[in-house]
> 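I am attaching a structure below and will ask some questions about it afterwards.
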Amino acid sequence: MRYNDRIKIVTTQSVDGELGPVTKKIVSDWIECRITGVSQAMNIGVFGKYNSNALAVHFKGGLGTISGVIYQGIERKPEVVIKARKNTIVVIQGV
């Protein structure tokens, strides 16, 4: 599989602030990935409908917790994160 697309990952980290713990967003650098469409079976399983404009983002290797991805300049919340073999697949809602 060719990983010729690039995307940024957003994670959250809890740090101590003046009034208690504060969550902080951390944006990664560009990560290589493969962006594909989603099958009808996946649409039914995730969204409960046949047609959607969802996208599957395939990453090499295992990634930690993902709270969002930045795709085409817009931060999107992942609908499903699938750990498969040595890959991580994140399903996001398309434009």
Side-chain angles (χ1 to χ4, degrees):
M1 184 181 293
R2 290 186 177 169
Y3 294 91
N4 56 356
D5 299 316
R6 300 290 183 263
I7 204 164
K8 291 185 179 186
I9 295 178
V10 178
T11 57
T12 56
Q13 182 181 18
S14 180
V15 295
D16 292 331
E18 294 179 6
L19 301 176
V22 177
T23 58
K24 179 181 175 183
K25 287 187 178 182
I26 300 172
V27 178
S28 71
D29 201 14
W30 293 105
I31 298 177
E32 57 188 21
C33 65
R34 172 80 174 150
I35 300 174
T36 61
V38 178
S39 67
Q40 285 186 351
M42 181 74 78
N43 276 327
I44 290 290
V46 175
F47 301 104
K49 57 184 177 181
Y50 282 107
N51 297 325
S52 73
N53 51 0
L55 300 171
V57 182
H58 301 262
F59 295 102
K60 286 183 188 177
L63 299 175
T65 56
I66 299 172
S67 61
V69 296
I70 297 178
Y71 175 66
Q72 294 180 344
I74 301 171
E75 183 177 346
R76 300 170 193 273
K77 183 179 175 188
E79 301 291 331
V80 176
V81 178
I82 302 169
K83 308 280 184 175
R85 295 188 202 173
K86 296 180 182 178
N87 297 332
T88 302
I89 302 168
V90 179
V91 177
I92 60 172
Q93 188 66 35
V95 177

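Along the sequence shown, residues are numbered consecutively beginning with 1.
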> Among Ile9, Val81, Asn87, which one satisfies side-chain contact (heavy atoms from CB on, under 4.5 Å) with Phe59?
Ile9
> Go through Asn4 and Arg34 one step at a time and tell me if the side chain to side chain contact (heavy atoms under 4.5 Å, CB included) criterion holds.
CA-CA 6 Å; Asn4 56 356; Arg34 172 80 174 150; 3.8 Å; yes
> Please give me the minimum heavy-atom distance between Val38 and Leu55, naming the atom from each residue.
CG2-C, 3.7 Å
> Taking all heavy atoms of Gly17 and all of Val22, pick out the closest pair and write down the distance.
CA-CG2, 4.1 Å
> Keeping the roles fixed (side chain from Ser67, backbone from Val10), state whether a donor-acceptor pair exists under 3.5 Å.
yes
> Flag yes if Trp30 and Tyr3 sit in one hydrophobic cluster, no otherwise; membership is Ile, Leu, Val, Met, Phe, Trp, Tyr, and two members link when side-chain heavy atoms are under 4.5 Å apart.
no
> Assess whether atom NZ of Lys83 is packed by more than 12 heavy atoms of other residues, nucleotides or ligands within 6.0 Å.
yes
> Does Thr11 reach the side chain of Gln13, with side-chain heavy atoms less than 4.5 Å apart?
no
> Given side chains that start at C-beta, do those of Val69 and Lys8 come closer than 4.5 Å, heavy atoms only?
no
> Is any side-chain heavy atom of Tyr71 closer than 4.5 Å to a side-chain heavy atom of Ile35?
yes
> Indicate, with yes or no, if Ile92 and Ile70 share a hydrophobic cluster defined by side-chain heavy-atom contacts under 4.5 Å among Ile, Leu, Val, Met, Phe, Trp and Tyr.
no
> Under 3.5 Å, side chain of Thr12 to main-chain N/O of Thr23, donor-acceptor pair present?
no
> Would you compute the distance between atom CD of Gln72 and atom CD1 of Ile7 and round it to the nearest 0.5 angstrom?
9.0 Å
> Grab the two heavy atoms, one from Ala56 and one from Ile89, that are nearest each other, plus how far apart they are.
CB-CG2, 4.2 Å
